[in-house]
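Along the sequence shown, residues are numbered consecutively beginning with 1. Just so it is clear, the model here is predicted, and its values are computed rather than measured.
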Amino acid sequence: MGTQDIIDTLAGIEPGSTLDAIRARRLQARENAQKSYLALFEPVDAGDFSLAERAAVAAFVTGLHGQSPVAAFYRDKLAATAYGAPLLDAINAEIERGKTSGPYGAYPAGPLSIENKAGLIYRVSAERKPVLGARLVAALEHAHLLLFHPRDAASTDMKALLAAGWSSTGIVTLSQLVAFLSFQVRVVSGLRTLAAASA
């Protein structure tokens, strides 16, 4: 791989270490995770989902997962983009508004209904909407829904994204990005826990 493996970097894995050997056993998973990162955050063509928007959503999503090297990485990535600094302030404030635990949502009527759980329906604050713009406002609200209310995602949520200027392709990429980040946060956290345990 020409570029540094992002999960290795974020987990602090040194070449030749025990964790490096553990990850090498699952080479295909390691390579696929890296390919996913590159496709989502360093694409040849970002299309209509700009790199700054991707970094902003990533900073928000990883921030909602809590303080971690992953969250710090995406905050820095956002800060390095054009217009990143004012966006970062808004994103940090929205992370505080959106912090909750989940998952929430309702199952269709039936035996699983006992698992139904109500929780925060997140909306971006009115004061930060002008800073973020309609597209990012819709993206953050959708990302929060995917993280904390996955059972409640419905076609009306897609309409909100389309109305804010998202294309169908952009919406798919946004959903992939949120899923990848949740995976990345968990993998890095697990690897760091393993490293600490073996230290």
Chemist: Could you check whether any side-chain heavy atom of H142 comes within less than 4.5 Å of a side-chain heavy atom of S175, counting everything from C-beta outward?
Modeler: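 In contact.
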Chemist: What are the two closest non-hydrogen atoms of L132 and A90, and how far apart are they?
Modeler: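 Smallest heavy-atom distance, with atoms named: CD2-CB, 3.9 Å.
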Chemist: Could you see if Y83 belongs to whatever hydrophobic cluster contains L88? Use Ile, Leu, Val, Met, Phe, Trp, Tyr and a side-chain cutoff under 4.5 Å.
Modeler: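 In one cluster with Y83: L88, no.
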Chemist: Between D89 and R128, does any NZ, NE, NH1 or NH2 come within less than 4.0 Å of an OD or OE carboxylate oxygen?
Modeler: no
Chemist: Just say parallel, tilted or perpendicular for the rings of F41 and F180, cut-offs at 30° and 60°.
Modeler: tilted
Chemist: Quick check: do L181 and L40 have side-chain heavy atoms less than 4.5 Å from each other?
Modeler: no
Chemist: Should R30 and D20 count as an ion pair when the cut-off is N to O under 4.0 Å?
Modeler: yes
Chemist: Between T62 (side chain only) and A58 (backbone N and O only), is there a donor and an acceptor less than 3.5 Å apart?
Modeler: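 Yes, T62 side chain to A58 backbone: donor-acceptor pair under 3.5 Å.
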Chemist: Looking at every non-hydrogen atom in both residues, tell me the closest pair between F49 and G170 and how far apart they are.
Modeler: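 Smallest interatomic distance, heavy atoms only, reads CD2-O, 4.1 Å.
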Chemist: Has the side chain of Q34 got a donor or acceptor atom that lies under 3.5 Å from a matching backbone atom of I6?
Modeler: yes
Chemist: Donor-acceptor pair, T81 side chain versus K77 backbone, under 3.5 Å?
Modeler: no
Chemist: Could you walk me through whether Y74 and Q184 pass the side-chain contact (heavy atoms from CB on, under 4.5 Å) check?
Modeler: CA-CA 12 Å; Y74 288 108; Q184 191 182 49; 2.7 Å; yes
Chemist: Do L146 and I171 belong to the same hydrophobic cluster, where Ile, Leu, Val, Met, Phe, Trp and Tyr are linked whenever their side-chain heavy atoms lie under 4.5 Å apart, directly or via other members?
Modeler: yes
Chemist: Nearest 0.5 Å please: distance from the CG atom of L174 over to the OG1 atom of T169.
Modeler: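 Between L174 CG and T169 OG1, I get 12.5 Å after rounding to 0.5 Å.
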Chemist: If you round to the nearest 0.5 Å, how far is CD of E53 from CG of L140?
Modeler: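 Here the rounded value is 10.0 Å.
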Chemist: Give me the atom names and distance for the closest heavy-atom approach of I95 to L64.
Modeler: O-CD2, 3.7 Å
Chemist: Indicate the atoms forming the closest heavy-atom contact of L78 with A59, along with that distance.
Modeler: CD2-CB, 4.2 Å
Chemist: Is there a side-chain contact (heavy atoms from CB on, under 4.5 Å) between R23 and I7 once you walk through the steps?
Modeler: CA-CA 10 Å; R23 287 207 76 209; I7 287 177; 3.5 Å; yes
Chemist: Heavy-atom distance under 4.5 Å between the side chains of V188 and F183, does that happen here?
Modeler: no
Chemist: Do the side chain of R135 and the main chain of G165 share a donor and acceptor less than 3.5 angstrom apart?
Modeler: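 Checking the backbone N and O of G165 against the side chain of R135, a donor-acceptor pair under 3.5 Å is found.
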Chemist: Indicate yes or no: at least one non-hydrogen side-chain atom of W166 is less than 4.5 angstrom from one of M158.
Modeler: no
Chemist: Using every non-hydrogen atom in the two residues, find where R54 and P43 come nearest and quote the distance to one decimal.
Modeler: NH1-CG, 3.9 Å
Chemist: Working to the nearest 0.5 angstrom, can you tell me the gap between F60 CZ and L87 CG?
Modeler: 13.0 Å
Chemist: When L191 is tested against each of D8, L10, L19 for side chain to side chain contact (heavy atoms under 4.5 Å, CB included), which residue passes?
Modeler: L19
Chemist: Mind checking whether V172 and L51 sit in one hydrophobic cluster, side chains of I, L, V, M, F, W, Y counted as touching below 4.5 Å?
Modeler: no
Chemist: Could you tell me whether the side chain of S50 and the main chain of A46 form a donor-acceptor pair under 3.5 Å?
Modeler: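 Here the side-chain-to-backbone pair does not exist.
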Chemist: Taking V124's backbone N and O only, do any of them form a donor-acceptor pair with E141's side chain (distance below 3.5 Å, no angle check)?
Modeler: yes
Chemist: Which heavy atom of F148 sits nearest to which heavy atom of G98, and what is that distance?
Modeler: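 Result for this residue pair: CE1-O, 4.2 Å.
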Chemist: Got a donor-acceptor contact below 3.5 angstrom from the H65 side chain to the A71 backbone?
Modeler: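 A pair under 3.5 Å: no.
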Chemist: I'd like to know if the side chain of S189 and the backbone of V185 have a donor-acceptor N/O pair within less than 3.5 Å.
Modeler: no
Chemist: Can you tell if the side chain of V57 reaches within under 4.5 Å of the side chain of L136, non-hydrogen atoms only?
Modeler: yes
